[in-house]
Amino acid sequence: MATTASAPPATPQLKGVQPLRAGEGNSFLWRRLHSLTGIVPIGAFLIEHIVSNFEVVNGPLAYAQQVKFLNGLPLVRVLEWGLIFIPLLYHALYGVFIAVRGRTNVNVYPWAGNWMYLSQRVTGLIAFAYILYHVLTQRFMGVSLPEHPGLAYAKVQFELLSHWYAIPVYVIAMIATCWHFAYGIWLFAAKWGITPGNVARRRFGWVCTIGGAVLCIMGLVSIFTVAYSRPYSPEDVMPAQYDNVVAPTVPPQQ
Amino acid sequence: MPTTIEVEIKRQNGPDGTGAVENFSIPYRPNMNITSLLGEIALNPVTKEGKATTPITYDSNCLEEICGSCAMLINGKARMACSALVDKMLEEGGGKIKLAPLSKFPVVRDLAVDRAVLFENLKKVKAWVPIDGTYDLGAGPKQAPQIQEERYPLSNCISCTICMEVCPQFNDVTNFVGAATIGQAKLFNMDPSGSVLKEERLRALSGDGGVQECGFAQNCVQACPKGLPLTEAISDIGRDVFVQKVKDFFRA
Ligand code: HEM
Ligand code: SF4
Ligand code: FES
């Protein structure tokens, strides 16, 4: 009687592309996390950011109030790091890792989906470069807006007008980022099996296109409004309340 | 009407041999395909310059796009040699046809490549119905017509590897499994008998190089000679693998 089970046939050593490492490794988790972070929190933040900045059309005071409101959220610095900077850094760095591992071939197969594949990588890299510049100059350099929200309008206007390249860079980055996010939502739905069928994917493509276009137009309107609709003024439209201003606690005597 | 067919072929005399390009000038006949063109060269293996050479090595069998063995780069694009028509390819190539082996598989010789990785991948995901035949199991369970209709197109895969060749994610850095294997995993997951291995297939496809490496460039559906609904399979399997991972996480 045979007592030892025969070993399963060994995988032969192959040259070139290696077979699937069935069930091994954690790349599924990291890749799905990358996909999810693109939607929440980063995508959700992108919408919030463009909608908030659209307040510039209502003038410096309205914009200042929006900035003040956001900075008044509970645990705002924790929210900022936990829901924006860290997920964004992860998505961006893992995104670069994904991008360099692909072998794009639109020169041979110039099909729409293949171009979109390439565009997702190019717009991601543009967004990454821009976001570094944007966060550095608007958040970490110059006057601190969490402390002086009244200067928000002036600061953004100054940044846009003081370098010849600023407006072109902002416009290109706005288009690239909205493109990346819009197609990203479409990719997310396709990869997570929300839109498996061709018809569902085509219809959802329209939804993403329209959503992305609306976001992009709002963003572009904000850029040109803040830059050109008013002459530059360095005045703080919402000066800080002084500590020694005390509200009366006792009703005045009749 | 051209009098000759100009062919440029990338050759290699063995797995480790060096590449060389040879040109051929074949008398024109209408209605040829690339396999008959290669047959024509084999009848008289002399280059355009008049130098005697060896016949071109290539894989082919059925000559009717059903065995899947004759995939190669024709005018730079991955296609089946037996269903690629010379007249069309001449027109596309401006009077010249260029042949080369698939670029992502190790060359055996000339246009013949080793596509064993697909076979290994199909084994990794157990793309079969497990009936080991020690006794008669009787008739298999009935399949609803809706299931049959969804499965039939996936059963048309001829393992040609074109979907893998054209995929930007299928390369020796990601070692992505490729669309064909994912399609076959869905085919057998939907089989009433084959579905006993469904969880194993899904776990296999969550490994490194699994379904997550897909970047949805969708070249596979564009290029597949048999028109398999590959993006739909990838989307469905992507969801199923995720659900399986969540289940395993809470069950473990
Ligand atoms: C403005 C911030 C960003 C947002 C809102 C965003 C959003 C998204 C979304 C929703 C996806 C789809 C997820 C998926 O593929 O399943 C995605 C994919 C991707 N993102 Fe981003 N992203 C942003 C920034 C970046 C940056 C800075 C990079 C860095 C290069 C990047 C690289 C990528 C890449 C390579 C993919 C494609 C992954 C694939 O096709 O497999 N993204 N992004
Ligand atoms: S899915 Fe299509 S392209 Fe891929 S191996 Fe099968 S028949 Fe060929
Ligand atoms: S020879 Fe069989 S598919 Fe071309």
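Below, read A as the first sequence line, B as the second, and so on, with proteins coming before strands; counting in each chain starts at 1.
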Notebook entry, point to check: Which bit of A:R31 is near chain B, if near means a heavy-atom gap under 4.5 Å: side chain, backbone, both or neither?
Noted result: side chain
Next item on the list: With rounding to the nearest 0.5 Å, note down the distance linking CG in B:D208 to CH2 in A:W30.
Entry: 12.5 Å
Note to self: So that I can tick it off, tell me whether B:D16 and A:K15 are bridged by a salt bridge, with the cut-off set at under 4.0 angstrom between side-chain N and carboxylate O.
What the structure shows: yes
Note to self: Please classify the contact between B:A233 and chain A as side chain, backbone, both or neither, with a heavy-atom cut-off of under 4.5 Å.
What the structure shows: neither
Check: Under the side-chain contact (heavy atoms from CB on, under 4.5 Å) criterion, do A:K191 and B:I234 qualify, and how do the steps go?
Finding: CA-CA 7 Å; A:K191 290 181 188 175; B:I234 291 170; over 6 Å; no
Notebook entry, point to check: More than 12 heavy atoms of other residues, nucleotides or ligands under 6.0 Å from NZ of B:K10: is that the case?
Noted result: no
Note to self: With a 3.5 Å distance limit and no angle check, can you tell me whether B:N175 reaches the backbone of A:Q18 through a side-chain donor-acceptor pair?
What the structure shows: yes
Next item on the list: Between chain A and each of B:D114, B:N219, B:L205, count heavy-atom pairs under 4.5 Å; write down the option with the most.
Entry: B:N219
Margin query: To check you understand the geometry: which heavy-atom pair defines the closest contact between A:N198 and B:T231, and what is its length?
Written below: OD1-OG1, 4.0 Å
Item checked: Reported NZ-to-CG distance for the pair B:K245 and A:L29, which is rounded to 0.5 angstrom -> 8.0 Å
Check: Hey, does the side chain of B:S235 reach the backbone of A:A190 with a donor-acceptor pair shorter than 3.5 angstrom?
Finding: yes
Notebook entry, point to check: What do you reckon, is NZ of B:K226 surrounded by more than 12 foreign heavy atoms closer than 6.0 Å?
Noted result: yes
Notebook entry, point to check: Taking everything shown except A:F140 itself, do over 12 heavy atoms lie less than 6.0 Å from its CZ?
Noted result: yes
Next item on the list: Using distance alone, with no hydrogens and no angle criterion, decide if A:Y117 and B:Q169 have a side-chain donor and acceptor under 3.5 Å apart.
Entry: yes
Next item on the list: Under 4.5 Å heavy-atom distance to chain B, tell me which part of A:W192 shows up: side chain, backbone, both or neither.
Entry: both
Item checked: Side-chain (B:N171) to main-chain (A:R101) donor-acceptor, under 3.5 angstrom -> yes
Margin query: Can you tell me which of B:G207, B:P229, B:G76, B:P168 forms the most heavy-atom pairs within a distance under 4.5 Å of chain A?
Written below: B:P168
Note to self: Check this for me, if you would: do B:E232 and A:R201 make a salt bridge, where the nitrogen-to-carboxylate-oxygen distance has to be below 4.0 angstrom?
What the structure shows: no
Next item on the list: Determine the minimum heavy-atom distance between B:K124 and A:P19, stating which atoms define it.
Entry: CE-CB, 4.2 Å
Notebook entry, point to check: Tell me, side chain or backbone of A:T195 under 4.5 Å from chain B's heavy atoms, or both, or neither?
Noted result: backbone
Checklist line | chain A contacts, top residue of B:L118, B:T181, B:L73, B:V177 (heavy-atom pairs, under 4.5 Å) | finding: B:V177
Note to self: Could you measure the distance from the CZ atom of A:R21 to the OG atom of B:S206? Nearest 0.5 Å is fine.
What the structure shows: 12.0 Å
Next item on the list: Can you tell which part of A:Y183 gets under 4.5 Å to a heavy atom of chain B, answering side chain, backbone, both or neither?
Entry: side chain
Next item on the list: Verify, without hydrogens or angle tests, whether A:Y109 (side chain) and B:C167 (backbone) share a donor-acceptor contact under 3.5 angstrom.
Entry: no
Notebook entry, point to check: Non-hydrogen atoms of chain A under 4.5 Å away: do they reach the side chain of B:E200, the backbone, both or neither?
Noted result: neither
Next item on the list: Provide the closest heavy-atom pair for A:R103 versus B:V173 in the form atom of the first, atom of the second, distance.
Entry: NH2-CG2, 3.1 Å
Item checked: Top contributor to chain A interface from B:V241, B:V221, B:V125, B:V211 [non-hydrogen pairs under 4.5 Å] -> B:V241
Check: How many angstroms lie between atom CG of A:L20 and atom CD1 of B:I182, to the nearest 0.5 angstrom?
Finding: 9.0 Å
Note to self: Can you tell me how far apart CZ (B:F216) and CG (A:N114) are? Round to the nearest 0.5 Å.
What the structure shows: 13.5 Å
Check: What residue in A:A189, A:G16, A:S27 has the most heavy-atom pairs under 4.5 Å with chain B?
Finding: A:S27
Notebook entry, point to check: Which distance, rounded to the nearest 0.5 Å, do you find between the CZ of B:F105 and the CG of A:L14?
Noted result: 11.0 Å
Margin query: Less than 4.5 Å to any heavy atom of chain A: does that hold for the side chain of B:F119, its backbone, both, or neither?
Written below: neither
Margin query: Check this for me: A:W115, atom CH2, are more than 12 non-hydrogen atoms of other residues, nucleotides or ligands nearer than 6.0 Å?
Written below: no
Note to self: Counting only heavy atoms from other residues, nucleotides and ligands, does the tally under 6.0 Å from CZ of A:F69 exceed 12?
What the structure shows: no
